[in-house]
Amino acid sequence: MHSAVLLIEFGSIILGLGLLGRIAGRFGISAIPLYLLAGLAFGTGGLLPLGASEEFIATGAEIGVILLLLMLGLEYTASDLVSNLKAHYPAGLVDCALNALPGAAAALLLGWGPVAAVVLAGVTWISSSGVIAKVLGELGRIGNRETPVILSVLVLEDLAMAVYLPIVTALVAGVGLAAGSVTLAVALGVAGLVLFAAVRYGRVISRFVSSDDPEKLLLVVLGLTILVAGVAQQLQVSAAVGAFLVGIALSGEVAEGAHTLLSPLRDLFAAVFFVFFGLHTDPASIPPVLLPALVLAVVTAVTKIATGYWAARRAGISVKGRWRTGGALVARGEFSIVIAGLAVTAGIEPALGPLATAYVLLLVVLGPLTARYTEPLAMWWTRRSAARAQAAGPVRPEEEQRAQTPVGD
């Protein structure tokens with residue numbers, strides 16, 4: 001009986017996602033917000049909560065994030081990764097400064113204390129690699145000149161999580177300095193080892209995985225990716241980082257074949273991930289924290305756009321590409337929820353969980369919109385400003401001199 005209910009629920013979810021995807025495609029918008037709203041409708045506190053398929057959907061959601069990052073990694077080689085990280089690490093520092101500080105400041109202003117400030121800083125800092133990877137694919141921007149800049153910022157954030165998550169875990173658990181240091185050392189060591197293997201032995205790994213039989217290639221690549229992601233997560237490193245580095249390690253015909261075979265699976269499980277996020281959000285918990293979440297979302301959307309614009313300008317990208325870079329980085333998602341969950345589980349601040357949920361929900365809906373419309377809106381505003389300046393006529397020399405004269409002179 002339980003298996004029958006599971007099949008009915010899961011089949012209904014997949015069918016509903018397909019119909020929502022059709023609706024989104026007809027109107028030329030991303031399907032992600034519709035998937036999230038569907039999760040809200042049928043999750044905790046929703047219209048018709050699901051029960052039998054919840055555990056299965058949770059596992060599918062994890063696989064969805066892993067596949068999204070694997071497919072993103074398949075687009076680039078190990079040498080591309082290393083060169084991009086060397087070239088763009090200042091962008092990672094700017095990203096941290098502009099986007100972590102608003103979250104920390106908000107927690108302190110709300111009187112939540114320093115530990116909550118560190119947690120909320122992480123929530124506002126980290127963009128959603130899963131959402132952004134999905135949006136870039138939908139918009140056909142994987143091959144754009146600015147995409148390596150976006151990727152570099154995301155990878156720097158994901159790698160920073162290898163340092164940040166052990167620190168937060170130690171802070172919320174109240175463990176000693178020694179225990180926290182050991183956890184951090186293990187996380188850094190594992191991340192470094194996987195990156196070294198991807199860069200140094202990528203060709204060997206590709207030969208091991210390679211197969212002329214599509215079935216065998218699919219099973220080996222999928223199995224290897226999930227295995228590495230699971231081991232990475234067990235050792236306090238992001239599963240997303242592990243999956244991304246597996247994609248980086250594969251190259252040539254293997255990468256092309258894996259990309260073709262895994263694309264349908266990625267689309268299926270990625271949709272499940274966004275539904276799962278909505279399922280675990282109680283709509284009743286959102287209204288009390290909606291105003292501070294909205295203010296924080298607006299502020300950090302602007303700071304993310306500024307981060308992307310600065311990083312792209314530094315890389316020599318055109319003005320349009322700079323705006324596209326900034327708009328693409330706005331979405332928050334899986335990492336922010338994981339970080340907030342650590343604090344909620346430890347009982348650090350009861351209101352932090354609902355605030356983080358409302359914040360992420362706002363930006364995960366806004367993110368696909370900013371990715372699509374930031375660049376055309378910026379260009380429209382630039383043209384309008386230029387037209388106004390031209391209509392005003394040339395500035396007379398004496399007026400220009402008066403405008404440049406300090407007020408006190």
Side-chain angles (χ1 to χ4, degrees), residues 59-87 129-130 132-138 140-145 147-148 150-152 154-156 158-159 162 189-235 237-273 334:
T59 303
E62 291 187 23
I63 295 174
V65 175
I66 289 170
L67 289 178
L68 282 169
L69 272 295
L70 169 67
M71 299 294 280
L72 195 60
L74 288 172
E75 299 289 339
Y76 299 92
T77 65
S79 59
D80 290 336
L81 173 66
V82 174
S83 61
N84 284 335
L85 292 180
K86 287 181 179 178
S129 301
I132 293 169
K134 175 72 172 174
V135 170
L136 289 177
E138 287 182 345
R141 295 183 183 173
I142 294 296
N144 283 18
R145 278 198 64 201
T147 300
I150 299 171
L151 176 64
S152 298
L154 294 177
V155 172
L156 287 166
D158 286 346
L159 292 177
V190 171
L193 181 62
V194 174
L195 181 59
F196 174 79
V199 174
R200 187 70 179 271
Y201 301 107
R203 293 183 179 179
V204 176
I205 297 172
S206 294
R207 284 199 298 268
F208 168 75
V209 171
S210 179
S211 174
D212 294 331
D213 187 336
E215 178 185 350
K216 295 183 177 63
L217 179 62
L218 172 64
L219 292 175
V220 172
V221 172
L222 184 60
L224 177 64
T225 303
I226 295 176
L227 174 63
V228 171
V231 171
Q233 187 163 299
Q234 184 70 25
L235 296 173
V237 182
S238 164
V241 172
F244 178 81
L245 292 176
V246 170
I248 288 291
L250 302 178
S251 59
E253 294 182 0
V254 173
E256 294 177 6
H259 191 284
T260 302
L261 292 171
L262 289 168
S263 290
L265 285 178
R266 174 202 58 189
D267 295 338
L268 168 62
F269 286 107
V272 171
F273 161 71
E334 59 276 8

What closest approach, in Å, do [X] and [Y] show between heavy atoms, and which atom pair accounts for it?
X: Ser206; Y: Ala249; result: OG-O, 3.3 Å
X: Ala255; Y: Leu250; result: CB-O, 3.9 Å
X: Ala258; Y: Leu217; result: N-CD2, 4.0 Å

Please list, chain by chain and in numerical order, all residues satisfying side chain to side chain contact (heavy atoms under 4.5 Å, CB included) with Arg207, sequence neighbours excluded.
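Partners of Arg207 by the side chain to side chain contact (heavy atoms under 4.5 Å, CB included) criterion, ordered by chain and then number, come out as Arg203, Val204.
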
What pairs with Ala271 under side chain to side chain contact (heavy atoms under 4.5 Å, CB included), at least two apart in sequence or on another chain?
Leu17, Tyr35

Pairs involving residues 223-233, ordered by first then second residue, that meet salt bridge (charged side-chain N to carboxylate O under 4.0 Å, His left out) (sequence neighbours left out)
none

What is the distance from atom CD1 of Ile132 to atom OG1 of Thr147, rounded to the nearest 0.5 Å?
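Spacing of CD1 (Ile132) from OG1 (Thr147) equals 11.5 Å.
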
Got a second to check how far Leu70's CG is from Ile63's CD1, nearest 0.5 Å?
12.5 Å

List the residues meeting side-chain hydrogen bond (donor to acceptor under 3.5 Å, both in side chains) with Asp213, not counting sequence neighbours, and say none if there are none.
Lys216

Please output the side-chain donor-acceptor pairs of residues 261-270 that fall under 3.5 Å, not counting sequence neighbours, one pair per line with the distance.
from   : atom 1 : to     : atom 2 : distance (Å)
Ser263 : OG     : His259 : O      : 2.6

For residues 218-230, dump all side-chain donor-acceptor pairs below 3.5 Å to protein atoms at least two apart in sequence or in another chain.
from   : atom 1 : to     : atom 2 : distance (Å)
Thr225 : OG1    : Val221 : O      : 2.7

